[in-house]
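Report on the structure given below.
A, B, ... follow the sequence lines: proteins, then strands. Residue 1 opens every chain.
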2 protein chains.
Amino acid sequence: MSLRHAILVLLQDQEASGYDLAREFANSIGLVWNATHQQIYLELGKLSEQDMVHYRHVPQEGKPDKKLYSLTEAGRTELVRWLKKPAGPARIRDAFMVKVAGGSLADTQVLLAELDSLAKQRRERLATFEALAQRLDESGRDDNVYNYLTVRRGILDQRAWLQWAEEVRHSLEHRSADSTAS
Amino acid sequence: MSLRHAILVLLQDQEASGYDLAREFANSIGLVWNATHQQIYLELGKLSEQDMVHYRHVPQEGKPDKKLYSLTEAGRTELVRWLKKPAGPARIRDAFMVKVAGGSLADTQVLLAELDSLAKQRRERLATFEALAQRLDESGRDDNVYNYLTVRRGILDQRAWLQWAEEVRHSLEHRSADSTAS
DNA sequence: TATGGCATGTAAAGGGTTACATGATTTG
DNA sequence: CAAATCATGTAACCCTTTACATGCCATA
């Protein structure tokens, strides 16, 4: 289980609320580890019971109050300990790719439409990451090499996917003429 | 849940035992959806209860007997139904990337060593996929465009990862001189 | 003789998803 | 006026992981 470690990594730089973390899991870090708000609130509860994080209550006006969490010494120690031991293999659940593999039974038009919609999302992400990378690059990237490298991974990943998508479109478009579903 | 659909996709082409499926999940399809043998046997049990797959018992000599599963009409129908509806977003759990993101607290040497070991695995996979792609390409790739495209995805993915790994090595190697952990 | 491949499973514990629940403010 | 954003949670169910269990054959 390393949802907890992903949370500790995020809290390393700055204190954040559960909501903030959920946003980060939906964007940046979500590319490598995803989690929903329910999971996050639960895990924050456990982490604070175990004194790995600590929170302060922040009242707000016009918005609900929030809890800002930060790392404790124990939390930082646990993170360092975890960073030393080898990471397990990455796990993926990519339903779209399963559909492509089973494509001979699918309607080519449906697949192509889905491909386009995914490509759109990927292009948006790519743009976001490229902008981010440039900003990090300008503001001296030695301070945040790790952020920079993480973002680079995102960029290369999006590009590779988009390149693949073009190959798919090529292969499927001129075959959609004669085999348009059963 | 689409472990079941991944299984149905695999059984589409040929009958297979749980053990065979587990091997495929460890290799080819494992790149996009992974599952262990326990999960597979459990799911095959459910699928056969629901008449989506059917098995015949095959006695063997010198080896344990096995059950060869194949799709039923209901199974094929279910697969076609599933292929029509949009796939959910891909989910990933990549602990190594979490470690990179939290890298400032990590020992650079440890990270680099892990990077090398992962790179080795990726290079092996890449070679396997490239060989497979070539074979599919030679034997007329129109029959199995979907297999071909799946393999291409694997190739592009490995290449992108390896390219990223070189960037990481570059960035971290000349900084490991002065900052070799705390 | 120990390790790895073939082949199948069960059980408990832990992790993750989906649905439910609330409520004010801002934006379209 | 509807939808989205901010902000936090609980509960039930489902899925996944880890550990346990068996047993023969071939290879090192």
Side-chain angles (χ1 to χ4, degrees), chain A residues 1-8 10 15-27 29-30 32-50 53 55-69 82 85 87-95 98, chain B residues 1-7 10 15-27 29-30 32-50 53 55-69 85 87-95 98:
Chain A
M1 188 254 306
S2 33
L3 165 60
R4 74 182 317 138
H5 302 108
I7 291 175
L8 294 174
L10 290 174
E15 56 177 8
S17 67
Y19 193 85
D20 293 335
L21 293 176
R23 247 204 274 85
E24 294 191 69
F25 274 102
N27 300 320
I29 205 159
V32 298
W33 198 281
N34 39 23
T36 58
H37 83 269
Q38 294 91 335
Q39 259 180 98
I40 293 164
Y41 285 118
L42 200 82
E43 195 62 40
L44 282 171
K46 287 184 202 164
L47 282 167
S48 94
E49 258 178 43
Q50 294 164 39
V53 299
Y55 69 85
R56 58 194 184 91
H57 203 256
V58 178
Q60 295 188 114
E61 279 166 46
K63 290 176 183 178
D65 295 357
K66 63 179 171 183
K67 295 177 181 176
L68 283 181
Y69 290 86
W82 178 77
K85 42 171 249 184
R91 278 158 297 173
I92 16 160
R93 301 284 142 104
D94 189 338
V98 174
Chain B
M1 189 257 304
S2 32
L3 165 59
R4 75 182 318 139
H5 302 107
I7 291 175
L10 290 175
E15 57 178 6
S17 67
Y19 194 86
D20 292 335
L21 293 176
R23 248 204 276 84
E24 294 192 69
F25 273 102
N27 300 319
I29 204 158
V32 297
W33 198 282
N34 39 24
T36 59
H37 82 268
Q38 294 89 336
Q39 263 179 96
I40 293 163
Y41 286 119
L42 200 82
E43 194 62 41
L44 282 172
K46 288 184 202 164
L47 283 167
S48 94
E49 258 178 43
Q50 293 165 40
V53 299
Y55 70 85
R56 58 195 184 91
H57 202 258
V58 178
Q60 295 188 113
E61 280 166 47
K63 291 177 184 180
D65 295 357
K66 62 180 172 182
K67 295 177 181 176
L68 283 180
Y69 289 86
K85 43 171 248 185
R91 280 161 299 172
I92 16 160
R93 301 282 143 103
D94 188 338
V98 174

Legend entry - Out of D/dT18, D/dA7, C/dT18, whichever nucleotide has its closest atom nearest the side chain of B/Q38: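 Given the options D/dT18, D/dA7, C/dT18, the side chain of B/Q38 is closest to D/dT18.
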Legend entry - Nucleotide nearest B/S17 when distance is taken to its side chain, options D/dT17, D/dC6, C/dA7: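 Between D/dT17, D/dC6, C/dA7, the one nearest the side chain of B/S17 would be C/dA7.
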Inset, instruction - Scan A/L8, A/I7, A/L3 and name whichever one has a side chain to side chain contact (heavy atoms under 4.5 Å, CB included) with A/H5. - result: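 The option that passes is A/L8.
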Just to confirm, is there a sub-4.0 Å distance from OP1 or OP2 of [N] to any side-chain nitrogen or oxygen of [X]?
| X | N | answer |
| --- | --- | --- |
| B/R93 | C/dG16 | yes |
| A/K67 | D/dG9 | yes |
| A/Y41 | D/dG9 | no |
| B/Q39 | D/dT17 | yes |
| B/Q60 | C/dA7 | yes |

Nearest-Å distance, [atom1] ([X]) to [atom2] ([N])?
| X | N | atom1 | atom2 | value |
| --- | --- | --- | --- | --- |
| B/Y19 | C/dG5 | OH | P | 7 Å |
| A/M1 | D/dT17 | CE | C1' | 12 Å |
| A/I40 | C/dT17 | CD1 | C1' | 13 Å |
| A/E43 | D/dT8 | CD | P | 16 Å |
| B/H57 | C/dT8 | NE2 | P | 9 Å |
| B/L42 | C/dA13 | CG | C1' | 15 Å |
| A/L21 | D/dG9 | CG | C1' | 15 Å |
| A/R91 | D/dT16 | CZ | C1' | 9 Å |

Legend entry - B/Y41 atom OH, neighbour heavy-atom count above 12 within 6.0 Å: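 Yes, because the 6.0 Å sphere around OH of B/Y41 holds more than 12 heavy atoms from other groups.
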Legend entry - Pairwise 5' ranking along DNA chain C for A/K63 and A/K46, keeping only the more 5' one: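 Residue closer to the 5' terminus by nearest nucleotide: A/K46.
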Legend entry - Whichever of B/H37 and B/R23 has its nearest DNA chain C nucleotide further upstream toward 5':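 Nearest-nucleotide comparison on DNA chain C picks B/R23.
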Inset, instruction - Take the C1' atoms of the five end pairs on each side of the helix from C/dT1-D/dA28 to C/dG28-D/dC1, derive the two axes, and give their angle rounded to 10 degrees. - result: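 Axis angle across the helix from C/dT1-D/dA28 to C/dG28-D/dC1, nearest 10°: 50°.
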Legend entry - Flag, side chain of B/R93 to backbone of A/N34, donor-acceptor distance under 3.5 Å: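 Judged by distance alone, yes, a pair lies under 3.5 Å.
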Inset, instruction - Please test B/S2 against B/W33 for side chain to side chain contact (heavy atoms under 4.5 Å, CB included), starting from the C-alpha separation and ending with a verdict. - result: CA-CA 9 Å; B/S2 32; B/W33 198 282; 3.2 Å; yes
Please tabulate, one pair per line, all N/O donor-acceptor pairs under 3.5 Å involving side-chain atoms of residues 62-69 of chain B, not counting sequence neighbours.
from, atom 1, to, atom 2, distance (Å)
B/D65, OD1, B/Q60, N, 3.2

Inset, instruction - Please lay out, stage by stage, how B/D20 and B/L10 fare under the test side chain to side chain contact (heavy atoms under 4.5 Å, CB included). - result: CA-CA 10 Å; B/D20 292 335; B/L10 290 175; over 6 Å; no
Legend entry - B/Q50/B/R4 under side chain to side chain contact (heavy atoms under 4.5 Å, CB included): CA gap, chis, key distance, verdict: CA-CA 12 Å; B/Q50 293 165 40; B/R4 75 182 318 139; 2.9 Å; yes
